[in-house]
There are 4 protein chains.
Amino acid sequence: MSKLKTERKRLFEQITRKAIQEAVVNLVTRTGTRKVTMDQVAAEAGLSKGCLYIHFRSKKELLESVKTDRFKPLGDQLQEILNGSLTPNQKIESIVYRLFSYFDENRGLFRFLLEEREIAQSQVIRQKNSRYRNFVERIANVLDDGIASGLFRHMDSKKVASIFIEAMIAMTARRLLEEPPGPLDEDARLLIQVLFRGIALMHDLQ
Amino acid sequence: MSKLKTERKRLFEQITRKAIQEAVVNLVTRTGTRKVTMDQVAAEAGLSKGCLYIHFRSKKELLESVKTDRFKPLGDQLQEILNGSLTPNQKIESIVYRLFSYFDENRGLFRFLLEEREIAQSQVIRQKNSRYRNFVERIANVLDDGIASGLFRHMDSKKVASIFIEAMIAMTARRLLEEPPGPLDEDARLLIQVLFRGIALMHDLQ
Amino acid sequence: MSKLKTERKRLFEQITRKAIQEAVVNLVTRTGTRKVTMDQVAAEAGLSKGCLYIHFRSKKELLESVKTDRFKPLGDQLQEILNGSLTPNQKIESIVYRLFSYFDENRGLFRFLLEEREIAQSQVIRQKNSRYRNFVERIANVLDDGIASGLFRHMDSKKVASIFIEAMIAMTARRLLEEPPGPLDEDARLLIQVLFRGIALMHDLQ
Amino acid sequence: MSKLKTERKRLFEQITRKAIQEAVVNLVTRTGTRKVTMDQVAAEAGLSKGCLYIHFRSKKELLESVKTDRFKPLGDQLQEILNGSLTPNQKIESIVYRLFSYFDENRGLFRFLLEEREIAQSQVIRQKNSRYRNFVERIANVLDDGIASGLFRHMDSKKVASIFIEAMIAMTARRLLEEPPGPLDEDARLLIQVLFRGIALMHDLQ
DNA sequence: AATGAATGAGGTTTCATTCAT
DNA sequence: CATGAATGAAACCTCATTCAT
């Protein structure tokens, strides 16, 4: 009995949390990260300002929670791919498809990704920004595997990982400017081709 | 006489403007675009707050002017390359070298580049952000030239231009995390290789 | 039957009230009157916030009730002394002992006493603060008795009553800074000596 | 020239600071420490809220500055007495006179004194409250001198110092309840008599 | 042209109190 | 009777901008 009640309450709590996070995502989608104020979040969520502070200790924590919670599914999916038994180039391919389709379905989250990335550059808070750095690291590992197994050329894997990730983001950004986004398949294939084979027709360039 | 006086005044004006812009760049370098206040700019420039508003109509205009003025040299250099008579792949190469060396010498400006880029994504202000879009356009033209002359494969040139630009930025970001930045030559060559030839060793992948 | 039920209910009510008041006292002891919030009271009492408002109309009423209820035993004891048949100086002595030992056993309440006293000074709420004023009045009466019976010198009894009371409080404050408080006897005797005989050795001072 | 200008500016600064502090004192006098909000201070001072923060970093600093600045004259005068060449009992007497006349002229500050005192009791912030503790210490020294020179009885000088100080405050509080305060001379003499000779007529009490 | 105190709108956060369950 | 999420008034503080000197 008591357990049931507690369970229901927890559910309610989760619903409101989600609603608030949803409001944040909507606002960011419409107006960018910069202009998100607690007033606006409250209005968007149809709640009072004070209520936000019941569910989140501060604005910072709220924004952080949005990123953490909303990127988790994507993170998990990518992790699954990375942990899987595909070949390195299959892994790279899968990641591109996965990422594109995720942001097709979660357009609002893309802004946060850019945010993440910018902060990633800061000398000071570099430490904390583990999500982005972590991802770079993991991609680099895949590249290293590929190099070891003779699939990829020798190269500084971390730098190429960065290139790869930013290339994906660039493509996603372009996709989201189109309404609706163009065929996922085409864009994914384009990116993969460029990444694996480059843009040059003849390969005696250098 | 009067002309001379006017001339001198204009010179003074220019000096103060530069000093203020310099202050902004220093601050952004240290703390990021987000946290720059007019108070801080005034303090950094050794001027009063009111004085800033004599030389710039608003904070927004000031920041805009910093971007416009400080990126102009780079823009001009890139333009020169683009207008020149090099082959498309030589142009791409030159641009990479030029960009890397520019930010090696103007570290503080990199933050602004990231800023630019983020705004670029915004649906609302897309119109105004001509600088970034313009650059994409011009790179796309080069790629089209390359495709026409049989150097590059057929592809959506705008999308690849985006990929290229973001790849450069990614590399620059990594370079600036190192202190001092690694050898320019090496990084440039890496990026160019990846761009032109891809990362795969065997090209029968797809 | 119905009576019994009502009786039991009243008992429950009393228990909860006490628990809430207890929580307030604990909090005030730890952090001072200023920072007590209804949230904290609820948490400390192991109850919900809403529940507090079933038992007390408002925060103000709650705090007031704590003072009223918790100081009542002391008030009664002092009253008993005052109404008793001791000589005026014995009464004064007894009061000192009583007060010291009360706060030794109820350290948490001392903060409230200070609170009371401060409010006592306020021109606006002077009316309401009958507890403190009442006490001054009663002590003054004892002094007047002492004067009438030739035990004490002629003096403005109300002013001296104030002096006496504040001197007791000062001593209590000092006692509570020590952990554990020094010997009650010693401190009480010191205060009484100063009060009755003054600090001077020779009495031809003035 | 420039010096003159700077001088004038500093003067202006001082005037505004004083005005703000004055506003605080007025508010505290009228409504107590509790209800002082920055809004009210601004209104009372006839300034905007933002302006307060030009002159004081925070509310806490403002209140602290009021205490520090406004009690300094009194502190200096008492210090002068304490450092002087009077006998211990003359020092005690002078202090009483000085304190009474100070608060007769600065009624508004008395509330702050009570504030100080309350905080003084807190176990946690005891360290910081140097003003009150310091005063106790200095009075204790005078008492020790008096004991050494055979003027005063042997006693715990710190405890008696506390008693003495609180007795003075009690008397001041009573004085300020009267409008206008009764004759200073009379009250001072009363306190001194009680302190030096006690209230008892016959001294064979204990 | 330069100053910097002053402004005021707007931001984040707190907390006593209410009310549907 | 008990709960605790929700409310909303108000508190503290920031900062782009103005203006008298």
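Side chains are part of it too, since the values below use all heavy atoms of this structure and drop only hydrogens, waters and symmetry mates. These figures come from a predicted structure and were not determined experimentally.
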Practice problem: Decide, yes or no, whether a salt bridge links A/R30 with A/E44 under the criterion of side-chain N to carboxylate O below 4.0 Å. | Solution: yes

Self-check item: Lys/Arg-Asp/Glu bridge criterion (N-O < 4.0 Å) met for D/K18, D/E22
Solution: no

Quiz item: CD/B/E13 to OG1/B/T16 distance, rounded to the nearest 0.5 angstrom?
Solution: 6.5 Å

Practice problem: Mind checking B/L47 for me? I need base, sugar-phosphate or nothing, with any heavy atom below 4.0 Å counting as a touch. | Solution: sugar-phosphate

Practice problem: Could you check how far CZ of D/F56 sits from C1' of F/dT14, rounded to whole Å? | Solution: 18 Å

Exercise. Report the distance from atom CG of A/L27 to atom P of E/dG11, rounded to the nearest whole Å.
Key: 12 Å

Quiz item: Do any side-chain nitrogens or oxygens of B/H55 fall under 4.0 Å of OP1 or OP2 in E/dA2?
Solution: yes

Quiz item: Nearest-Å distance, CZ (C/R17) to C1' (F/dA2)?
Solution: 17 Å

Exercise. For the pair B/S65 (side chain) and B/L62 (backbone), establish whether a donor and an acceptor sit closer than 3.5 Å, ignoring hydrogens and angles.
Key: yes

Quiz item: E/dG4 C1' sits how many Å from D/L11 CG, rounded?
Solution: 16 Å

Self-check item: F/dC15 pairs with, by Watson-Crick or G-U criteria that keep both distances under 3.5 Å
Solution: E/dG8

Practice problem: For C/R34 and F/dA11, give me the distance from atom CZ to atom C1', rounded to whole Å. | Solution: 15 Å

Exercise. Measure the distance from CD on B/E13 to C1' on E/dA2 and round it to the nearest whole Å.
Key: 13 Å

Practice problem: Nearest whole angstrom, please: distance from the P of F/dT3 to the CZ of A/F12. | Solution: 18 Å

Exercise. Taking C/R17 for its side chain and C/H55 for its backbone only, find out whether a donor-acceptor pair lies under 3.5 Å.
Key: yes

Quiz item: If each of B/L52 and D/T16 is mapped to the nucleotide of DNA chain E with the nearest heavy atom, which maps nearer the 5' terminus, i.e. the 5' end?
Solution: B/L52

Quiz item: Mind checking who E/dA1 pairs with, Watson-Crick or G-U wobble, both distances under 3.5 Å?
Solution: none

Practice problem: Report yes if a side-chain nitrogen or oxygen of B/S48 is closer than 4.0 Å to either non-bridging phosphate oxygen (OP1 or OP2) of E/dG4; otherwise report no. | Solution: no

Exercise. Going 5' to 3' through nucleotides 15-21 of chain F, assign each nucleotide B (protein heavy atom under 4.0 Å from a base atom), S (under 4.0 Å only from sugar-phosphate atoms) or - (no protein heavy atom that close).
Key: BSBB--S

Quiz item: Quick one: A/E61 CD to E/dT12 C1', roughly how many Å, whole number?
Solution: 14 Å

Self-check item: D/E61 (side chain) donor-acceptor with D/S58 (main chain) under 3.5 angstrom
Solution: no

Practice problem: Not counting sequence neighbours, which residues clear side-chain hydrogen bond (donor to acceptor under 3.5 Å, both in side chains) with D/K59? List them please. | Solution: none

Exercise. Pick base, sugar-phosphate or nothing for A/Q40, based on heavy-atom distances below 4.0 Å to the nucleic acid.
Key: nothing

Quiz item: Paired with E/dA20 by Watson-Crick or G-U wobble geometry, both distances under 3.5 Å: which nucleotide is it?
Solution: F/dT3

